Structures are given as structure tokens and as C-alpha cells.
Amino acid sequence: MTINSKGEWRRLLRQRRRCLTHGQRQHQARAMATHLLEQVLPRLDRDALVAGYVALAAEPDLTPHLHGTVALALPAVYQGRLQLRRWSWGEPLEPDDCGVPAPWISAPVVEPDAVAMLLIPAVAMHPDGFRLGYGGGWYDRLLSQPAWAQRPSLGVCFSCCTAVPFAVDPWDRPLHGQLTEKSVQWWRHPWTGGPDDQKFCGER
Ligand SMILES: Nc1nc2c(c(=O)[nH]1)N(C=O)[C@@H](CNc1ccc(C(=O)N[C@@H](CCC(=O)O)C(=O)O)cc1)CN2
Ligand SMILES: Nc1ncnc2c1ncn2[C@@H]1O[C@H](COP(=O)(O)OP(=O)(O)OP(=O)(O)O)[C@@H](O)[C@H]1O
């Protein structure tokens, strides 16, 4: 079967992800969090924020594993755009315009330079670091702003949904790396923003 469109890939990969049992997804999310805690978070500024997400049904749920380890911002879609808002553990969430639990409208909006790492949920990842989401273009539009595109970013994805050769569109922006239950892999140096560092990318 030839798969031509992002829509077809999205359906296939969402189905593949749903085929994992709840226990498998939990186990794999815990492994992802361990990679993050051991390999990534120690390299970040102590005061900096990590932009996470509230996991939807079959997405890897990392947030509970980060409790007490980092200060978090969460996405909120209102008035046609995605913002990141400060969120502290235990604070209530309310559905945003996409129906995803998000910080209250009164929570401070976070500027790009306060964010040390963007964790971006991905339905699938492309072999060159591009991300396939649900199709709303929310993160695409966020990353079309250079200040956000420069922030270190990791696509968060089960390994069964990586290396997917979907056709990349002109608006797709490559992420710095991907986080799976197997490893953290980098395509671009996340902390210098400079050209590929062979040694660094060799750590894949
Ligand atoms: N957890 C999470 N939060 C996120 C995103 C995301 O991909 N995941 N977004 C990324 O852009 C933005 C919201 N965009 C969204 C776009 C579509 C659907 C959607 O189609 N939801 C399905 C249910 C998905 C599921 O439960 O697995 C639906 O309503 O049928 C959800 C969020 C910001 N917040
Ligand atoms: N910078 C942008 N400005 C305006 N529209 C954009 C921009 N980037 C993407 N879009 C629109 O958003 C949609 C994104 O579609 P695509 O199938 O690539 O979604 P996706 O990357 O899976 O979505 P998401 O980022 O929400 O997870 C397209 O219709 C595209 O035209």
C-alpha cells in the first residue's frame, strides 16, 4: 500500500499507537522520562521552564514523572493561537479551545527565552526530525516564529511511530531531536543552535 498524504499517515500511526496496551504506553513513558531526567534536564538552567503537555488518550504521559523536578509551562489554544502558560503542580486546568486541559486564562504567558526545552507531542516523527501532529498546525505556527524555533525542542513519540517518511510541507520546521522510550536522538545541537556538531549528533 502506498501512503500519500499526511492524513493517511496520521490515521495509520494513531492506530499503531493505540495498539500499544495502556501498560505498554505507561512503561514506555516512564522510560522516556528517565532519559529526560538523566540526559537532558541536568544540562538545563535550574530556573528555566520546560514546556510539556497534558497527555491526550494515547500520547506518552510524561508529566507525572516530572513532578518536583522542573518548572513547567503547558500549551493553551485560545483565540486562534497556541500560547505556553506557566503552570504549577496541583493548579486546576480547564479545556482550551481544542478541548485540551490547559492552564487558566489568568496564568502568565511564557516568553520563548524563559523556556529551556520544548517537549512536543508527536503522532509520528520523520527521519529528518520533522513532526507530524494532529493536523491543526498549532505547533507549526508557533515554530514559524524564529524566537520559538530556536528554543531546544524534542518531539515526544513512541519508537513505533518514528522514522516515518511522510511528505514534508514547506511550513514544517525540524525539531532539534526526538525522545522515545529507546533513546534521546539529536539532529541539531540544542544548546548552541549552531551547525551540526558531529560529536554531539554522533551520540544518537
Ligand atoms: N497533549 C496535547 N496537547 C496539545 C496538542 C497536542 O497535540 N497534544 N496540540 C497540538 O497541536 C495543541 C492542541 N491541538 C489539538 C488538535 C487536535 C486534537 C484532536 O484531534 N483530538 C482528538 C483526540 C485525541 C486523543 O484523545 O488521542 C479528538 O478530539 O478527537 C487535540 C489537540 C495544543 N495542545
Ligand atoms: N506558519 C503557518 N502559518 C499559517 N498556517 C500554517 C502555518 N504552518 C502551518 N499552517 C497550516 O496548518 C496546517 C498544518 O497541517 P499539518 O498537516 O502539517 O499539521 P501538523 O503539523 O500535523 O499539526 P500540529 O502542528 O497542529 O500538530 C496546514 O493547513 C497549514 O497550512
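In listed order, ligands and their atoms are each counted from 1. Please read all numbers here as calculations on a predicted model, not as lab measurements.
Taking CD1 of Ile120 as the reference point, atom CG of Leu179 lies at 12.0 Å (rounded to 0.5 Å). With values rounded to the nearest 0.5 angstrom, His67 atom NE2 is found 9.5 Å from Leu72 atom CG. For the atom pair OG1 (Thr21) and NE2 (His27), the distance works out to 10.0 Å, reported to the nearest 0.5 Å. For the atom pair CH2 (Trp148) and CG (Leu84), the distance works out to 4.5 Å, reported to the nearest 0.5 Å. With rounding to the nearest 0.5 Å, the separation of CG in Leu132 from NE2 in His126 is 10.0 Å. The CZ atom of Arg85 sits 14.5 Å away from atom CG of Leu49, with the distance rounded to the nearest 0.5 Å.
Nearest heavy-atom pair across Arg17 and Glu59 is NH1-CG, 3.7 Å. Counting all heavy atoms, side chain and backbone alike, Trp87 lies closest to Pro103 at CB-CG, 4.0 Å. Looking at every heavy atom in both residues, Pro121 comes nearest to Tyr53 through CD-CD2, 3.5 Å.
Residue Tyr53 places no N or O, backbone or side chain, under 3.5 Å from any N or O of ligand 1. Distances between N or O atoms of Asp169 and those of ligand 2 include no value under 3.5 Å.
Counting heavy atoms from C-beta outward, Trp186 and Val40 have side chains that approach closer than 4.5 Å. Between Phe166 and Arg10, every side-chain heavy-atom pair lies at or beyond the 4.5 Å cut-off. Between Leu66 and Leu119 the shortest side-chain heavy-atom distance falls below 4.5 Å.
The nearest protein atom to atom 14 (N) of ligand 1, hydrogens excluded, is given as Trp138 CD1, 3.5 Å; this is a heavy-atom distance. Here the protein heavy atom with the shortest distance to atom 19 (O) of ligand 2 is Gly135 CA, 3.3 Å. Counting protein heavy atoms only, atom 16 (C) of ligand 1 is closest to Tyr134 CB, 3.9 Å. When only non-hydrogen protein atoms are considered, atom 33 (C) of ligand 1 lies nearest to Leu82 CD1, 3.8 Å. Counting protein heavy atoms only, atom 21 (O) of ligand 2 is closest to Asp140 OD2, 2.8 Å. When only non-hydrogen protein atoms are considered, atom 21 (N) of ligand 1 lies nearest to Leu56 CD1, 4.4 Å. In terms of protein heavy-atom proximity, atom 25 (O) of ligand 2 is nearest to Arg131 NH1, 3.1 Å. Scanning the protein heavy atoms around atom 5 (C) of ligand 1, the nearest turns out to be Tyr139 CE1, 4.1 Å. Of all protein heavy atoms, the one closest to atom 34 (N) of ligand 1 is Pro75 CG, 3.8 Å. The protein heavy-atom contact nearest to atom 13 (C) of ligand 1 is Cys98 SG, 3.8 Å.
For Trp89, the CH2 atom is densely surrounded, since the number of other residues' heavy atoms within 6.0 Å is greater than 12. Environment of CG in Asp47: sparse, with no more than 12 heavy atoms of neighbouring residues, nucleotides or ligands closer than 6.0 Å.
Ligand 1 is never approached by Gly99 to a heavy-atom distance shorter than 4.0 Å.
Atoms of ligand 2 lying under 4.0 Å from any heavy atom of Arg10, numbered from 1 in the order shown and given with element: 16 (P), 17 (O), 19 (O), 20 (P), 22 (O). Taking every non-hydrogen atom of Gly133 and a distance limit under 4.0 Å, the qualifying atoms of ligand 2 come out as 20 (P), 21 (O), 22 (O), 27 (O). Interface atoms of ligand 1 facing Glu59, defined by a heavy-atom separation under 4.0 Å, are 1 (N), 2 (C), 6 (C), 7 (O), 8 (N). The contact set between ligand 1 and Val54, taken as ligand atoms under 4.0 Å from a residue heavy atom, comprises 1 (N), 2 (C). Less than 4.0 angstrom separates some heavy atom of Tyr134 from each of these atoms of ligand 2: 22 (O), 27 (O). The atoms of ligand 2 that sit less than 4.0 Å from any heavy atom of Asp172 are 18 (O). The distance from ligand 2 to the heavy atoms of Lys6 drops below 4.0 Å at these ligand atoms: 16 (P), 17 (O), 18 (O). Per-residue contacts place Arg14 under 4.0 angstrom from the following atoms of ligand 1 (heavy atoms of the residue considered): 22 (C), 23 (C), 24 (C), 25 (C), 27 (O). Counting the atoms of ligand 2 from 1 in the order shown, those under 4.0 Å from a heavy atom of Tyr139 are 25 (O). The ligand atoms of ligand 1 that sit less than 4.0 angstrom from a heavy atom of Val100 are 3 (N), 32 (C).
With Trp138 as the aromatic partner, Arg141 meets the cation-pi criteria of under 6.0 angstrom to the ring centre and within 45 degrees of the ring axis.
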- Query: Given Lys6 and Asp172, is the salt bridge (charged side-chain N to carboxylate O under 4.0 Å, His left out) satisfied, shown in steps?
  - Reply: CA-CA 12 Å; Lys6 278 185 173 174; Asp172 288 321; 2.7 Å; yes
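Within a 4.0 Å radius of atom 27 (O) of ligand 1, the protein contributes at least one heavy atom. By the definition of a contact as any protein heavy atom under 4.0 Å away, atom 2 (C) of ligand 1 is in contact. Under the 4.0 angstrom criterion, atom 29 (O) of ligand 2 counts as lacking any protein heavy-atom contact.
Here atom 13 (C) of ligand 2 lies nearest to Gly137 when heavy atoms of Gly137, Ser144, Gly7 are compared. The heavy atom nearest to atom 10 (N) of ligand 2, out of those in Arg173, Gln145, Arg141, is found in Arg141.
Both the backbone and the side chain of Ala57 come within 4.0 Å of ligand 1, judged by heavy-atom distances.
Partner of Tyr139 under the side-chain contact (heavy atoms from CB on, under 4.5 Å) criterion, out of Ser153, Pro75, Ser144: Pro75 alone.
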